[in-house]
Structures are given as structure tokens and as C-alpha cells.
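Here's the structure we're looking at; comments come further down.
Sequence positions, counted from 1, serve as the residue numbers for this chain.
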Amino acid sequence: GGRDHRYFRIADGVPLGRAHWTLIAALVVALTVDVMKPATLGFVMPGMTREYAISTQVAGWLALVALTGTTVGSVLWGRIGDLFGRRAAILLSGLMFMGTAICGAMPTFGWNLAMCFLMGASAGGLLPIAFTLMAETVPARQRGWLLVALGGIGTSAGYLLAAGAAAWLEPMFSWRVLWLLGLPTGALIIVLNHWIPE
């Protein structure tokens, strides 16, 4: 067992290679898209409240449903990842982001709630997988600061993108366009999946 132990110490001490950086970049983008989804909720609420003529309290259900979806997703995606592999789980998240873009065309608030739950689930599922992949593939010496950086950069970028999209696109197209952004961002995750190891 001594030889194996030494091998792992060497592997843990290796510098970050190109493959590591590619994975880190892919995960930062995936996390940014992931955070952008729930962050967008705050920006669609005012327009949605007006269009469906609902109270702010009723609109608040959107956040609750999304958070419930996130919790369910993180448990469910863990199982999917174990059964079918991480890439399959990430692919499913990307496909569901694209699917929930249909929220932008939903005629009623109830349908938005259902889609919101699915969006929360795919966002919640992607998050632990991204961090697990990072923890498993990055050498131990670099792991700590990189995990913090991944979380920090991904979260800030996600919120900034959501805010930017709302400021730039919403005045031109209404709140629905913020949901439709699920299509390109979901497609982006599917493309990134190519650089993610199993």
C-alpha cells in the first residue's frame, strides 16, 4: 500500500495542466449559467406580476417553488450522476435549461410555476456535480483556493449576467425574454460537456 500512497501524493502535488484549466473554465461557465437561472427570477417578477395581474405574495410562490426544485434537484441529480455518469447529469441540466426557456411563452402563472420547479431542479442538480468534479480532478494543493474562486466567480458572474440581461433586454422585449435566454445558455452547457471528464 506504501507505493500507492506515494503515487497519490505525487499526483496531488502536480501543477495545474492544460486539461485542468480547460475543465475549470468549463465549470466556471456552467456555474455562471447555473446561478443566472435563479437570479433571473427576481427580474421577471415585476413584469410577471403586472401581466398576470397577481399580487406580490402570489408571485413569491415562484421563488419558493424554484428553491424546492433546487433541493429536489441536488438529491435527484446525485442519483442520476451515480447511475448514468456525471456527463449525462450535466447534459440533462443543459437540456432542461433549454426546455424551461418555454416559460417565456407560458400563458398562465401556474405553468410558469411548474417550469420554475423544473428549472430549479436542473440548476440545483448541476451545482454539486460541478463542485464534485472540481474536487476530484484538481490536485489537492490547489483545490482549496480554486473551489472558493469557482464559487465566487461563478456566483458573481451569474448575478451580473442576470442583471445585465434584465437591464439590456427587458425594456426591449418584456420579462419573457429573460426566460427565453434558457435556450442559448442551455445549448452552451451541452457544448461545454465535451470538455468535462466522466
Side-chain angles (χ1 to χ4, degrees), residues 8 10-43 66-67 69-101 116 118-165 178-198:
F8 276 114
I10 294 164
D12 269 346
V14 298
L16 290 170
R18 195 167 147 213
H20 288 128
W21 285 114
T22 308
L23 174 70
I24 292 162
L27 290 178
V28 165
V29 176
L31 200 61
T32 301
V33 169
D34 196 47
V35 170
M36 188 182 168
K37 300 289 157 207
T40 303
L41 280 181
F43 298 104
L67 283 170
T70 307
T71 312
V72 171
S74 55
V75 176
L76 203 61
W77 258 246
R79 295 286 303 132
I80 293 169
D82 290 343
L83 290 170
F84 305 106
R86 306 268 165 72
R87 291 184 72 171
I90 291 175
L91 196 62
L92 183 63
S93 273
L95 287 170
M96 277 177 71
F97 284 154
M98 291 174 82
T100 50
C116 209
L118 292 176
M119 181 204 59
S122 45
L126 188 58
L127 204 62
I129 290 178
F131 280 106
T132 310
L133 270 170
M134 186 81 147
E136 284 176 355
T137 47
V138 169
R141 198 179 298 167
Q142 321 281 358
R143 202 172 292 150
W145 73 268
L146 270 170
L147 281 170
V148 173
L150 177 72
I153 296 167
T155 308
S156 328
Y159 274 100
L160 281 171
L161 267 177
L178 296 177
W179 280 139
L180 295 172
L181 282 175
L183 272 174
T185 51
L188 184 63
I189 286 187
I190 290 168
V191 171
L192 285 174
N193 212 15
H194 174 70
W195 287 282
I196 289 169
E198 190 44 77

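The two residues Ile129 and Arg86 come nearest to each other via the heavy atoms CG2-CD, 3.9 Å. Closest heavy-atom contact between Met96 and Leu118: CE-O, 3.3 Å. Thr32 and Val28 get closest at one heavy-atom pair: OG1-O, 2.7 Å. Between Pro128 and Gly125 the shortest heavy-atom distance is CD-O, 3.5 Å.
Interatomic distance, Leu127 CG to Thr132 OG1, rounded to the nearest 0.5 Å: 9.5 Å. Here the OG1 atom belonging to Thr155 is positioned 9.0 Å from the CG atom belonging to Asp34, to the nearest 0.5 angstrom. The distance from the CG atom of Leu161 to the CE atom of Met36 is 5.0 Å, given to the nearest 0.5 Å.
Just one residue in the list Leu27, Leu126, Leu31 forms a side-chain contact (heavy atoms from CB on, under 4.5 Å) with Phe131, and that residue is Leu31.
Among residues two or more places apart in sequence or in another chain, the side chain to side chain donor-acceptor pair (under 3.5 Å) test is passed with Ser122 by none.
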Result block: side-chain N/O donor-acceptor pairs under 3.5 angstrom for residues 71-85, not counting sequence neighbours:
{"from": "Thr71", "atom 1": "OG1", "to": "Leu67", "atom 2": "O", "distance (Å)": "2.9"}
{"from": "Ser74", "atom 1": "OG", "to": "Thr70", "atom 2": "O", "distance (Å)": "3.3"}
{"from": "Ser74", "atom 1": "OG", "to": "Thr71", "atom 2": "O", "distance (Å)": "2.8"}
{"from": "Trp77", "atom 1": "NE1", "to": "Ala89", "atom 2": "O", "distance (Å)": "3.0"}
{"from": "Trp77", "atom 1": "NE1", "to": "Ser93", "atom 2": "OG", "distance (Å)": "3.0"}

